[in-house]
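All values reported here derive from a predicted model rather than from experimental measurement.
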Amino acid sequence: MTLNLSRLNPNQREAVLHRDGPLLVLAGAGSGKTSTMTYRIAHLITERKVAGRAILGLSFTNKAAGELKERVTELVAKVAGKGAAEGLTVSTFHSLCVRILRAHGFKLGFRPSFTILDEHDQKDILKQVFKNIRIDDRKFDVDRILFEIGQAKSKLLRPEDAEGYFLDSKRLSPDYALAAAASFGRYQEQLRLLNAMDFDDLLYHGVGLLERHADVREHYNDRFRHILVDEYQDTNPTQFRLLELLTRKHQNICVVGDDDQSIYSWRGADSTHILEFGRHYPGARTILLDQNYRSTNTILKAANQVITQNPKRHPKTLWSERGEGQPLTEVILEEDRGEADFVAREIFNRAQEEHRPWRDFAILYRSNAQSRAFEEALRRFAVPYKIVGGMSFLDRKEVKDVLSYWRLVANPGDDASLRRILNWPARGIGKSTIEALGTLAFEKHVPMFEALGEATGIKGKGEAGIVAFRELIGELRARLELTAATREGMAEWGRWSIERIGAKKAVEEDSEEPAEFARKWDNVEELVHAIGQLSPGRARGEAGPLQVLQDFLARMVLEAKDEEEEARDEQKESKADEVTLLTLHGSKGLEFPVVFLVGAEEGFLPHKRTIEEATDFSEERRLCYVGITRAKDHLILTRARNRIRYGKPVPRYRSRFLQDIPPALIHTRDESHGPDATDSAELRKAHEEQVAVHLSGIKALLQKNSKR
């Protein structure tokens, strides 16, 4: 029995039947890349008679690797019988390196029983290193130093060569750079003494082993005569080097990926690996998979027009046999709440009128902070939902921390909130002190906040920290009582409170790197914006500011919890039937019949950081492309004429990426209350000029201060 390739299209068959040598399969969105990889591996085993143990498949997640291996095994069994794929290796890059290091790591001084450390163990070891070299770990964020050491490893830098890298890093202050440089080598020495590796070490030492020991390198070159790599556009420098070492003898490497979906540069992925595959592997053959099995042609035409504006890419034009389909819908709303309400209402109505299950719908956004308004709106319409690739807005640490301050201001008897923030930001109050305060409060039958004034025996920083904390809460409460109970007033109090708390510095210290800090700070700012979006009655000042704050906290937590419970009760028989909320990054690889791509504006897509830094917009454009190609039947793009920021409406501008889509492909609905001027290229240009002036002013101020 031979392998039946009739269900593959001509280009897929061509990729499956490719003989030897390097092969790049450019697999556009929804083009059936997994089927192509499955059939290629099956063809090698059943038709080319390549032993399963001579084939290596690599993916980025254990789930993806497991699914690929299962599909290959089932397909091969139908043709060649059970067990024909025995010995086949399909794994992640890290799992492969564990296997190599278990077998040959002794050449680097590691015993086969080496331990793979978790994050908690890493922190403990680095803190001990700090103590040994007399670095005060209270002055440095241990997580951040570990992240920077990991980044150095991903670039295959040895400790003795990394100091310049740390000092040149724009992410690090001189103090942090020196701390990272001083601790890197000692940290690695300590891991060796413990016969341990952290997660980054698996690739780092795996590559080092193959580089330094030709016998090991030749063994795996002889073992794996055919290597297939999924999502090749997401490889980082270490993974790229590992593949290069494993293919020294045969060059039988087949990589599958799409440079138009390279969206992870922030975590080390390098799109040049797929863009320059032919240079890295001379004589490489390229096969294009451009037939899309997911979307209508109208959706694909829009995606094609957006992505073709990127200058560095492999040319490809997706097409489908599904027909033209409906035009895209662009909906203009007045402001944030209106956008969220429209999306929730539209989902509710479509589900009823088109008899669609909730799982048919997805809401995609650029950053997690955008989810809050949509979560609230979906709850108001009793629409069940789930957050994918991230936590619910209220579950995020930075949101919980700020809300705990506000809760304590509204209710000084909230011991849970006090415990959470008594030492956030750090003020020298240790866990033992917090527990002692809890015991004192219990014995005196008073709230912990009251017990703070009666605590004795606490000296030094702890004593000063407790005094400062009590004064801070009193100051927040006093300022609130003087605040106007209006949208602007409450938004201003919220903004002032996070400044007075020192939240920005604390969130930065909680973040491993600038991109993570920026995402977290977006969430904190979204919380401030939320308190400025009050009901009309509250906005007119019909209640005092304390009552407004208490109502806000109840809406954010208690009411939300009740509504979520009701939604779950109604969906007991179909728990998976929920609307999906996720970021554009998290949406890659998924598909939905109806997609709402929200916040299609300058500042969201492309993100404000990209605009302010005047950097390359290519990756932001790829994110937009990924979002568009998630839709199977309908794509609705929403945006607001204004966003409420600190209680005031701020004009917003249509995303430049939408300007690239031909008007004939989009049906526009203006549901705002006035003329939409945000389509104006002149206004957008004026906005960018304002940003440029603002940035130049900041730079001038920094230069002036540096001269002092």
Test salt bridge (Lys or Arg N to Asp or Glu O under 4.0 Å) on K648 and E492; report intermediate values, then the result.
CA-CA 10 Å; K648 299 179 181 179; E492 175 59 26; over 6 Å; no

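- Under the 3.5 Å distance criterion, the side-chain polar atoms of D201 are left unmatched by any main-chain donor or acceptor of H205.
- A donor-acceptor contact shorter than 3.5 Å links the side chain of S404 to the backbone of K400.
- A distance-only check finds a donor-acceptor pair linking the side chain of E619 to the backbone of S265 [under 3.5 Å].
- Each ring pair (Phe, Tyr, Trp, His ring centres under 6.0 Å) pair with one or both residues in residues 130-186, not counting sequence neighbours, appears once here: F140-Y176.
- Exactly one residue among L418, L440, V467 makes a side-chain contact (heavy atoms from CB on, under 4.5 Å) with L452. That residue is L418.
- D522 has its side chain within reach of R609: a pair of non-hydrogen atoms, C-beta onward, lies under 4.5 Å apart.
- Heavy atoms only, all atoms of each residue included: G150 and D200 are closest at CA-OD2, 3.3 Å.
- Side-chain contact between I263 and H585 is present, with heavy atoms from C-beta onward closer than 4.5 Å.
- At least one donor-acceptor pair closer than 3.5 Å links the side chain of N423 to the backbone N or O of G428.
- A donor-acceptor pair under 3.5 Å is absent between the side-chain atoms of W406 and the main chain of S497, judged by distance alone.
- Of the charged side-chain nitrogens involved, at least one lies within less than 4.0 Å of a carboxylate oxygen, so that E620 and R366 count as a salt-bridged pair.
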Apply salt bridge (Lys or Arg N to Asp or Glu O under 4.0 Å) to R372 and E376, showing your working.
CA-CA 6 Å; R372 179 197 59 80; E376 288 186 2; 3.3 Å; yes

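- Side chains of H607 and I611 form no contact here, defined as non-hydrogen atoms less than 4.5 Å apart.
- Between L581 and Y365, some side-chain heavy-atom pair lies under the 4.5 Å cut-off.
- Checking each of L582, T580, L378 against I363 for a side-chain contact (heavy atoms from CB on, under 4.5 Å) leaves exactly one that passes, namely L378.
- Judged purely by atom type and a 3.5 angstrom limit, D336 uses its side chain to pair as donor or acceptor with the backbone of I644.
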Solution key, residues 499-507 side-chain donor-acceptor pairs under 3.5 Å, sequence neighbours excluded:
{"unit_1": "E499", "atom_1": "OE1", "unit_2": "R495", "atom_2": "NH1", "d": "3.2"}
{"unit_1": "E499", "atom_1": "OE2", "unit_2": "R495", "atom_2": "NH1", "d": "2.6"}
{"unit_1": "R500", "atom_1": "NE", "unit_2": "E475", "atom_2": "OE1", "d": "3.0"}
{"unit_1": "R500", "atom_1": "NE", "unit_2": "E475", "atom_2": "OE2", "d": "3.1"}
{"unit_1": "R500", "atom_1": "NH2", "unit_2": "E475", "atom_2": "OE1", "d": "3.0"}

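- No salt bridge links R380 with E375; every basic N to acidic carboxylate O contact stays at or beyond 4.0 Å.
- Residues L422 and T433 form no side-chain contact, since every pair of their non-hydrogen atoms from C-beta on lies 4.5 Å or further apart.
- Salt bridge annotation for R519-E526: absent, with no cationic side-chain nitrogen under 4.0 angstrom from a carboxylate oxygen.
- Surrounding CD of E163 are at most 12 heavy atoms belonging to other residues, nucleotides or ligands under 6.0 Å away.
- Using a cut-off of 4.0 Å between Lys/Arg side-chain N and Asp/Glu carboxylate O, K520 and D510 are scored as not salt-bridged.
- Within the structure, no pair that satisfies the salt bridge (Lys or Arg N to Asp or Glu O under 4.0 Å) test touches residues 183-194, not counting sequence neighbours.
- Look at R144 and E148 and you find no salt bridge, because none of the NZ, NE, NH1 or NH2 atoms lies under 4.0 Å from a carboxylate O.
- Surrounding CZ of F199 are at most 12 heavy atoms belonging to other residues, nucleotides or ligands under 6.0 Å away.
- Residues W521 and E398 fail the side-chain proximity criterion, which asks for heavy atoms closer than 4.5 Å.
- Side-chain atoms of R643 do not come within 3.5 Å of backbone N or O of V650 as any donor-acceptor pair.
- The backbone N or O of N236 sits less than 3.5 Å from a side-chain atom of Q239, completing a donor-acceptor pair.
- The shortest distance between side-chain heavy atoms of I421 and F469 falls below 4.5 Å.
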Going through the checks in order, is the side-chain contact (heavy atoms from CB on, under 4.5 Å) test met by Y204 and T238?
CA-CA 7 Å; Y204 184 64; T238 315; 5.6 Å; no

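- Of the possible donor and acceptor atoms, none in the side chain of Q122 sits under 3.5 Å from a partner among the backbone N and O of D198.
- For the pair K127/V142, a side-chain contact is recorded, criterion being any heavy-atom separation below 4.5 Å from C-beta on.
- Ion pairing of E160 with R158 is present here, as a side-chain N (NZ or NE/NH1/NH2) and a carboxylate O approach within less than 4.0 Å.
- Under the 6.0 Å distance and 45° angle rule, R479 counts as a cation-pi partner of W496.
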When you look at N368 and R396, which way does the side-chain contact (heavy atoms from CB on, under 4.5 Å) test go after all the steps?
CA-CA 10 Å; N368 276 311; R396 295 160 191 159; 3.5 Å; yes

Do S183 and L126 pass the side-chain contact (heavy atoms from CB on, under 4.5 Å) test, and can you show the C-alpha distance, the side-chain angles, and the key distance before you say yes or no?
CA-CA 8 Å; S183 57; L126 186 58; 3.9 Å; yes

